Every structure is written in structure tokens, then in C-alpha cells.
Amino acid sequence: MSKIVVVYHSGYGHTQKVAEAVAAGASAQLIAIDAEGNLPEGGWDALAAADAIIFGTPTYMGGPSWQFKKFADASSKAWFTRVWQDKVFGGFTNSASLNGDKQVTLIYLQTLASQHGGIWVSLDILPSNTKAASRTDINNLGGSAGVLVQSPADASVDEIPQGDLDTAKAYGQRVAAVAAKWRG
């Protein structure tokens with residue numbers, strides 16, 4: 001079995017709930033980036049030992065949170081020494097708006113993984129984009145590069161659309177399956 005880590009920042013708890021769904025699908029360890037942009041004790045070692053790393057961050061102002069960006073910038077030591085070379089990567093993001101420029105955040109995460117020499121895993125779930133579609137459907141927001149989640153600004157953590165959480169769990173399963181094949 002592959003060792004998978006979900007490393008994420010959550011400003012208000014919504015992205016944490018998504019991280020938990022991704023981790024449940026991937027049977028992954030969760031590592032939270034704190035409010036100051038730091039990892040807990042042993043976080044860097046866990047990432048170095050992982051076969052797959054899944055990034056998660058809210059989308060604020062068209063990109064990742066500053067806390068996630070601080071973590072990404074701090075990963076330059078792992079980049080320089082190629083510690084994450086050939087690992088499997090994935091990513092997810094959450095914002096209050098249906099669009100909210102989430103795709104830009106996913107591209108940022110994909111670029112970060114590529115800079116580390118990683119292998120990016122797409123969502124590989126067709127969008128739910130018919131007139132009969134609802135927010136409870138899987139991949140209702142039509143992502144392809146990773147998981148897109150929408151949590152209205154006035155919604156509690158428990159009000160994240162079930163379809164988004166189901167998409168997150170399915171994506172975790174996909175990353176785990178790809179990591180197992182890659183590890184072979």
C-alpha cells in the first residue's frame with residue numbers, strides 16, 4: 001500500500017472538511033498547515049517519506065492562501081535536493097463562489113508539483129453538466145485538473161454540497177490507485 005499525505009491549509013474549516021474527504025478516499029495521513037503557514041513537527045519528514053502528496057488550499061483572491069504559499073515557498077529545500085522527485089501529486093481547492101478563479105489555484109498546485117518533478121493526477125470524472133444536474137451530483141463544478149469545491153461565504157462547514165465531498169473522496173481513491181500503479 002502506498003503512503004499518501006494530504007497537506008492542506010484551511011482558513012475557516014471548509015477546506016479541512018474537504019481534506020478529510022480526500023484523505024478518506026486515499027487512506028491518507030492529514031497534515032494541516034497552521035495559521036502561520038507552518039507544518040507540525042515531523043510534517044516535512046512525512047512528506048519526504050510519502051509516495052503521493054495531495055495539496056489542498058482555499059482559493060483567496062484568485063490563488064492559494066498565503067499560508068499555503070508560505071509552505072510552498074519553504075518546499076524549495078525539498079525542490080533543491082529533489083526529495084519529491086517522481087512522487088505522485090494531486091490537488092483540490094475551495095472558494096465561496098461557484099467559479100471564484102479556482103482553476104488558477106489548481107494550475108498553481110500542478111505547477112508546484114511539476115517543479116518538484118512530480119507526476120500530476122487528473123480528476124478523470126466527467127462533469128455533471130446537464131439540465132437535470134444538481135449540486136449533489138459528483139463533479140458538478142466540472143473540474144478536470146483536480147477537485148473544485150464551493151462553500152458559500154455564509155455556509156457552515158456542514159453545508160458543503162455533498163456532491164463536492166463525494167467528488168473529493170473519489171479523487172482521493174483515484175490518487176491512491178495511480179500511486180499504487182506508479183509504485184508498482
Side-chain angles (χ1 to χ4, degrees), residues 4-35 50 52-69 71-72 88-113 118 120-179:
I4 303 170
V5 173
V6 176
V7 59
Y8 70 95
H9 172 254
S10 183
Y12 300 98
H14 299 86
T15 305
Q16 177 179 336
K17 182 141 183 160
V18 179
E20 290 166 354
V22 171
S27 297
Q29 173 186 355
L30 285 167
I31 297 178
I33 299 167
D34 70 19
I53 299 170
I54 304 172
F55 298 134
T57 178
T59 295
Y60 295 153
M61 303 306 292
S65 66
W66 73 261
Q67 292 91 341
F68 187 91
K69 181 73 169 79
F71 153 76
V88 170
F89 284 87
F92 61 92
T93 190
N94 173 59
S95 73
S97 300
L98 280 173
N99 178 330
D101 300 316
K102 287 187 271 290
Q103 186 70 18
V104 174
T105 301
L106 283 182
I107 292 168
Y108 172 85
L109 299 177
Q110 188 177 36
T111 301
L112 177 62
W120 187 263
V121 178
S122 67
L123 182 58
D124 191 34
I125 298 173
L126 291 173
S128 176
N129 58 7
T130 64
K131 288 193 299 184
S134 75
R135 293 292 287 126
T136 59
D137 291 340
I138 196 163
N139 198 17
N140 181 263
L141 295 179
S144 59
V147 178
L148 305 175
V149 176
Q150 188 248 345
S151 302
D154 59 349
S156 74
V157 172
D158 295 324
E159 294 177 279
I160 296 172
Q162 190 59 49
D164 291 355
L165 294 175
D166 292 343
T167 304
K169 185 174 181 181
Y171 185 63
Q173 292 167 342
R174 175 162 164 75
V175 172
V178 170

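Note that the structure is predicted; figures quoted are calculated from it, not measured.
Annotation: the span from Leu106 atom CG to Thr57 atom OG1 amounts to 10.0 Å, rounded to 0.5 Å. A distance of 8.0 Å separates CG in Leu126 from CG in Asn139, rounded to the nearest 0.5 Å. Ile107 contributes atom CD1, which lies 12.0 Å from atom OG1 of Thr93 (distance to the nearest 0.5 angstrom). We find the CG-CZ distance between Leu148 and Phe92 to be 12.0 Å, quoted to the nearest 0.5 Å. Atom-to-atom distance recorded for Ile31:CD1 and Phe71:CZ is 8.0 Å, nearest 0.5 angstrom. The distance from atom CD of Gln150 to atom CG of Asn99, rounded to the nearest 0.5 Å, is 10.5 Å.
Closest heavy-atom contact between Gly143 and Leu123: O-CD2, 3.5 Å. Minimum heavy-atom separation, Ala52 to Val175: CB-CG1, 4.1 Å. Listed here is the closest heavy atom pair of Asp164 and Leu141: OD2-CD1, 4.1 Å. Nearest heavy atoms, Phe68 versus Gly56: CD1-O, 3.6 Å. Nearest heavy atoms, Ala26 versus Ile54: CB-CD1, 4.4 Å. Scanning all heavy atoms of the two residues, the minimum distance from Ala21 to Leu165 falls at CB-O, 3.8 Å.
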Original post:
Given the rule in the side-chain hydrogen bond (donor to acceptor under 3.5 Å, both in side chains) test, do Ser95 and Lys102 qualify, once you have shown the distances and angles that lead to the verdict?
Top reply: CA-CA 7 Å; Ser95 73; Lys102 287 187 271 290; 2.9 Å; yes

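Using a distance-only test at 3.5 Å, with no hydrogens or angles considered, a donor-acceptor pair links the side chain of Tyr171 to the main chain of Val121. Between the side chain of Trp120 and the main chain of Gly146, no donor-acceptor pair closer than 3.5 Å is present. With hydrogens and angles ignored, the 3.5 Å screen pairs no side-chain donor or acceptor of Tyr8 with any backbone N or O of Glu20. Under a 3.5 Å cut-off, the side chain of Thr167 and the backbone N or O of Ile138 do not form any donor-acceptor pair. Here the side chain of Ser10 pairs a donor or acceptor atom with the backbone of Gln16 at under 3.5 angstrom. The closest donor-acceptor contact from the side chain of Arg174 to the backbone of Ser122 lies under 3.5 Å.
Of the N and O atoms on the side chains of Thr136 and Ser134, at least one donor lies less than 3.5 Å from an acceptor on the other residue.
Shown here are the salt bridge (Lys or Arg N to Asp or Glu O under 4.0 Å) partners of Lys169, two or more places apart in sequence or in another chain: there are none.
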Under 3.5 Å, which donor-acceptor pairs link side chains of residues 155-162 to any protein atom two or more places apart or in another chain?
| residue | atom | partner | partner atom | Å |
| --- | --- | --- | --- | --- |
| Ser156 | OG | Asp158 | N | 3.3 |
| Ser156 | OG | Glu159 | OE1 | 3.3 |
| Asp158 | OD1 | Lys17 | NZ | 3.3 |
| Glu159 | OE1 | Ser156 | N | 2.6 |
| Gln162 | NE2 | Asp166 | OD1 | 2.8 |

